[in-house]
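Here is the naming used below: chain letters follow the sequence lines, and residue numbers restart at 1 for every chain. Note that these values count all heavy atoms, side chains included, but never hydrogens, waters or copies made by symmetry.
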Amino acid sequence: VTASELTRLPAADLAQRLAAGETTSVAVTQAFLDRIDAVDGSVHAYLHVAAEGALAAAAASDTRRAAGQPLGPLDGVPVAVKDVLTTRGLPTTCGSRILEGWLPPYDATVVARLKAAGMPILGKTNMDEFAMGSSTEHSAYGPTHNPWDLGRIPGGSGGGSAAAVAAFEAPWAIGTDTGGSIRQPGAVTGTVGVKPTYGGVSRYGLVALANSLDQAGPVARSVLDSALLHEAIGGHDPLDSTSVPGSVPALAEAARQGAGADLTGVRVGVIRELTGEGYQPGVQARFDDALRLLVDGGAEVVEVSCPSFRYALATYYLILPAEASSNLARFDAMRYGLRVWPSGVDSPSAEEVMRATRDTGFGDEVKRRIILGTYALSSGYYDAYYGQAQKVRTLVVRDFAAAFARADVLVSPTAPTTAFPLGEKLDDPLAMYLNDVATIPANLAGVPAMSLPSGLADEDGLPAGLQLLAPALADDRLYRVGAALEVLLVKAWGGPLLDRAPALEVGR
Amino acid sequence: MSDITRDEVRHLADLARIDLSDAELDHLAPQLAVILESVASIREVAAADVPPTSHALPLTNVFREDAVRPSLSAEEALSGAPEVEEQRFSVPRILGEEA
């Protein structure tokens, strides 16, 4: 196999070839670093490439294997990590100027588990500042470009992770999802992304945006790869008090079982409120095609109604800014990160330094949401906004419970549109927020959800995504049904969707 | 009520410890008004007797053993500080001039 062929193999195949001694972790890791060198000048998926550390970790993996040490199944397979998870000694900026140059003194639990599994870390991926956005254009370090069309957005906030995987700059990556930041980028880049059950993956070292909604998860090119990565990072962590007790379910096994493509007896619920009006025709058409394939596979498709979902977006845009305004108070210029002295002030106070630093260090979208959250939490408005949003959140949870009484999994398109041109919605926050209309309910209720490619929209030839949702702690259902649908879709397409992405011009 | 004035935005930014220039205020205030108007729909929902959900997980009172465990050294904890003095975070003055 050539180096360029290595970068296109599924991560599960890479793991097998490493185990069989057919290649080395150094060869695999170097192949991805070369690919990054060749195309990241135009994609800009990475904020930081950790070539030296990745190669050292790869060499250590090869040494362990040569010595015949017992190894985990993913030892030596490299991975990319969204820049919102702390990495000891590696820059962690969250896409913000306020953390430029910061080197965390500790690893996030997710990162510690990747390292413990023997996986070299290729680098840190680009994102909207503090994960606020749906296009990666709110990164203080410049946008990421969609590998399918470099003039378009890769989704957000985890556009860097999704683009890195879609452009073969990493076999897989870690993302985080607060309102769709793993799934929506997955949909618009033709990759698979999973938001696990809330609490299924540790949030320790995940820089908090909205801590009751945030969840880290896998970004990959196949359902099985997603399952393997999810298993590697999931499970209880005593360092996170919101971590679910118990071990992670057998996800790879569910994916392998699903690959038999027999869905007999599986009830699939189509969420009425998340289809039809407001969805691009090509996205809706690919969704309808996928439903027919599910029926072909033996599934029973029913329609379910979740009436409160029409208020989910408003609920989210009150709860999220409220939590974010509180979480981002930690960026106070005192203990780490940027410190800006106000100009023209003699002996400024700590508070004046704080104000100047936060004005300089935060971008527009972060300021918008902090101010919105401060408003929603202020006395006189608290009951009408934040308190009411918490009640509607209960209604969303109840709607899911009723829907899951009638169906094993629920489905919808992941995002209302395919990738839009860079700049199109940048100064229209409300239009940007609408990208998350179908993904937000899962975060509000804490249920797991997956986006997988459903095909290319006829009108623009760009990828569309289908979202699968399962009850809390039943993440294995996503993998079983997702793997089955993937087999049926790939058969219909005659090969993986990413094979149809245009070749990126190599060289800067 | 979903109308938000420029002065209110200035006041909120003040509470959130963010200096905003006049240009930023001109830009942000109308955008915030639009966002607030759209989220105001939430007040139509009849939910008076619905209990609030603050968290997706019903976990309560999660404790750990009160045992000594390894933690960051002082040097590691101070490693990202803008300014360090005598193994402490050095900060701008925190009291008023006259204090």
Side-chain angles (χ1 to χ4, degrees), chain A residues 102-106 198-199 212 238 241-242 244 308 311 314-315 317-318 325 329 332-339 342 347-356 358-359 362 364 367-368 370-372 374-375 378 384-385 387-395 397 429-430 433 444-446 472, chain B residues 1 4 8-9 11-21 24 27-29 31-32 34-45 47-57 59 62-65 71-73 75-83 89-97:
Chain A
W102 182 54
L103 297 176
Y106 70 105
Y198 181 84
S212 82
S241 64
T242 59
V244 177
S308 70
Y311 298 103
T315 304
Y317 277 101
L318 287 164
S325 68
D332 58 6
M334 300 298 128
R335 293 151 302 155
Y336 55 93
L338 187 70
R339 178 179 286 179
S347 172
S349 67
E351 205 180 292
E352 285 166 325
V353 170
M354 226 177 265
R355 287 172 203 281
R358 288 161 66 83
D359 180 39
F362 288 146
D364 269 4
K367 290 174 186 171
R368 268 194 288 271
I370 289 177
I371 291 169
L372 189 61
T374 306
Y375 179 83
S378 53
Y385 288 106
Q388 178 76 356
Q390 288 189 309
K391 291 177 176 181
V392 179
R393 191 172 182 180
T394 304
L395 299 178
V397 172
L430 217 53
Y433 296 173
L444 290 173
Chain B
M1 184 159 128
I4 188 163
E8 279 179 291
V9 174
H11 174 64
L12 291 164
D14 202 49
L15 290 174
R17 305 284 184 266
I18 303 175
D19 272 340
L20 287 183
S21 65
E24 281 181 303
H27 186 65
L28 281 176
Q31 287 181 336
L32 285 165
V34 172
I35 297 169
L36 271 177
E37 196 182 304
S38 84
V39 298
S41 68
I42 199 168
R43 292 184 296 164
E44 303 162 4
V45 185
D49 53 352
V50 176
T53 295
S54 61
H55 228 264
L57 269 187
L59 292 175
V62 177
F63 295 113
R64 63 166 172 81
E65 289 302 308
S71 62
L72 296 183
S73 66
E75 286 69 28
E76 287 170 319
L78 291 164
S79 64
E83 225 182 311
F89 295 101
S90 174
V91 302
R93 70 179 172 81
I94 54 171
L95 299 174
E97 297 281 18

- Separation between CG of Leu32(B) and CG of Leu372(A), rounded to the nearest 0.5 Å: 6.0 Å

- Who wins among Ala47(B), Pro82(B), Ala77(B) for the most heavy-atom pairs under 4.5 Å with chain A? Pro82(B)

- Query: Do Arg93(B) and Ser349(A) come close enough that some side-chain heavy atom pair is under 4.5 Å?
  - Reply: yes

- Task: List the atom of Phe89(B), the atom of Met334(A), and the distance in Å for their closest heavy-atom pair.
- Result: CD2-O, 3.9 Å

- Passes side-chain contact (heavy atoms from CB on, under 4.5 Å), Asp14(B) versus Arg355(A)? Steps please. CA-CA 8 Å; Asp14(B) 202 49; Arg355(A) 287 172 203 281; 2.5 Å; yes

- Note on the structure: Heaviest contributor of heavy-atom pairs below 4.5 Å to chain B, chosen from Ala314(A), Gly446(A), Pro104(A), is Ala314(A)

- Query: Do you know which of Arg335(A), Arg339(A), Met354(A) makes side-chain contact (heavy atoms from CB on, under 4.5 Å) with Val91(B)?
  - Reply: Arg339(A)

- Query: At a heavy-atom separation under 4.5 Å, does Ala445(A) approach chain B through its side chain, its backbone, both, or neither?
  - Reply: backbone

- Query: Closest approach of Ile35(B) and Pro429(A), non-hydrogen atoms and distance?
  - Reply: CD1-CB, 4.0 Å

- Heavy-atom pairs under 4.5 Å with chain A are the metric here; pick the option from Ser90(B), Ser21(B), Ser79(B), Ser54(B) that has the most. Ser54(B)

- With side-chain contact (heavy atoms from CB on, under 4.5 Å) as the test, would you mind laying out the steps for Val9(B) and Tyr375(A) before giving the verdict? CA-CA 9 Å; Val9(B) 174; Tyr375(A) 179 83; over 6 Å; no

- Query: How many angstroms lie between atom CD1 of Ile18(B) and atom OG1 of Thr374(A), to the nearest 0.5 angstrom?
  - Reply: 7.0 Å

- Can Arg358(A) and Asp19(B) be said to form a side-chain contact (heavy atoms from CB on, under 4.5 Å), step by step? CA-CA 7 Å; Arg358(A) 288 161 66 83; Asp19(B) 272 340; over 6 Å; no

- Heavy atoms from other residues, nucleotides or ligands near CD of Glu65(B) exceed 12 (cutoff 6.0 Å): no

- Query: Can you say whether Glu75(B) sits under 4.5 Å from chain A via the side chain, the backbone, both, or neither, judging by heavy atoms?
  - Reply: neither

- Query: Shortest non-hydrogen contact from Pro92(B) to Val353(A)?
  - Reply: CG-CG2, 3.5 Å

- Note on the structure: Ranked by heavy-atom pairs below 4.5 Å to chain B, first place among Ser241(A), Pro342(A), Ser325(A), Ala350(A) goes to Ala350(A)

- Message: Can you give me the closest heavy-atom contact between Leu57(B) and Gly199(A), atom names plus distance?
- Response: CD1-CA, 4.2 Å

- Note on the structure: Between the OH atom in Tyr317(A) and the CG atom in Leu36(B), the distance rounded to the nearest 0.5 Å is 14.0 Å

- In Å, rounded to the nearest 0.5 Å, how long is the span from CG of Leu15(B) to OG of Ser378(A)? 7.5 Å

- Message: Hydrogens and angles aside, do Gln388(A) and Arg43(B) bring a side-chain donor and acceptor to less than 3.5 Å of each other?
- Response: no

- Message: Heavy-atom pairs under 4.5 Å with chain B: which of Asp332(A), Ile370(A), Val397(A), Thr242(A) has the most?
- Response: Thr242(A)

- Task: Begin from the C-alpha positions of His11(B) and Ile371(A) and carry the test side-chain contact (heavy atoms from CB on, under 4.5 Å) through to its verdict.
- Result: CA-CA 9 Å; His11(B) 174 64; Ile371(A) 291 169; over 6 Å; no

- Message: If we define contacts as heavy-atom pairs under 4.5 Å, which of Ser308(A), Pro348(A), Ala356(A) has the most with chain B?
- Response: Pro348(A)

- Query: Are more than 12 heavy atoms from other residues, nucleotides or ligands located less than 6.0 Å from atom NE2 of His27(B)?
  - Reply: yes

- Message: At a 4.5 Å cut-off on heavy atoms, which part of Ala472(A) comes close to chain B: side chain, backbone, both, or neither?
- Response: neither

- Task: Quick one: closest heavy-atom pair of Ala56(B) and Leu444(A), and the distance?
- Result: CB-O, 4.4 Å

- chain A: which of Leu28(B), Ile42(B), Ile94(B), Leu12(B) shares the most heavy-atom pairs with it under 4.5 Å? Ile42(B)

- Which heavy-atom pair separates Lys391(A) from Ala48(B) by the least distance, and what is that distance? NZ-O, 3.6 Å

- Message: Just so I know, are the side chains of Gln390(A) and His55(B) near enough to count as touching, which here means a heavy-atom distance under 4.5 Å?
- Response: no

- Residues passing the side-chain hydrogen bond (donor to acceptor under 3.5 Å, both in side chains) test with Ser73(B), sequence neighbours excluded, are Glu76(B)

- Could you tell me whether the side chain of Thr394(A) and the main chain of Val50(B) form a donor-acceptor pair under 3.5 Å? no

- Taken to the nearest 0.5 Å, the spacing of Asp359(A) CG from Arg17(B) CZ works out to 14.5 Å

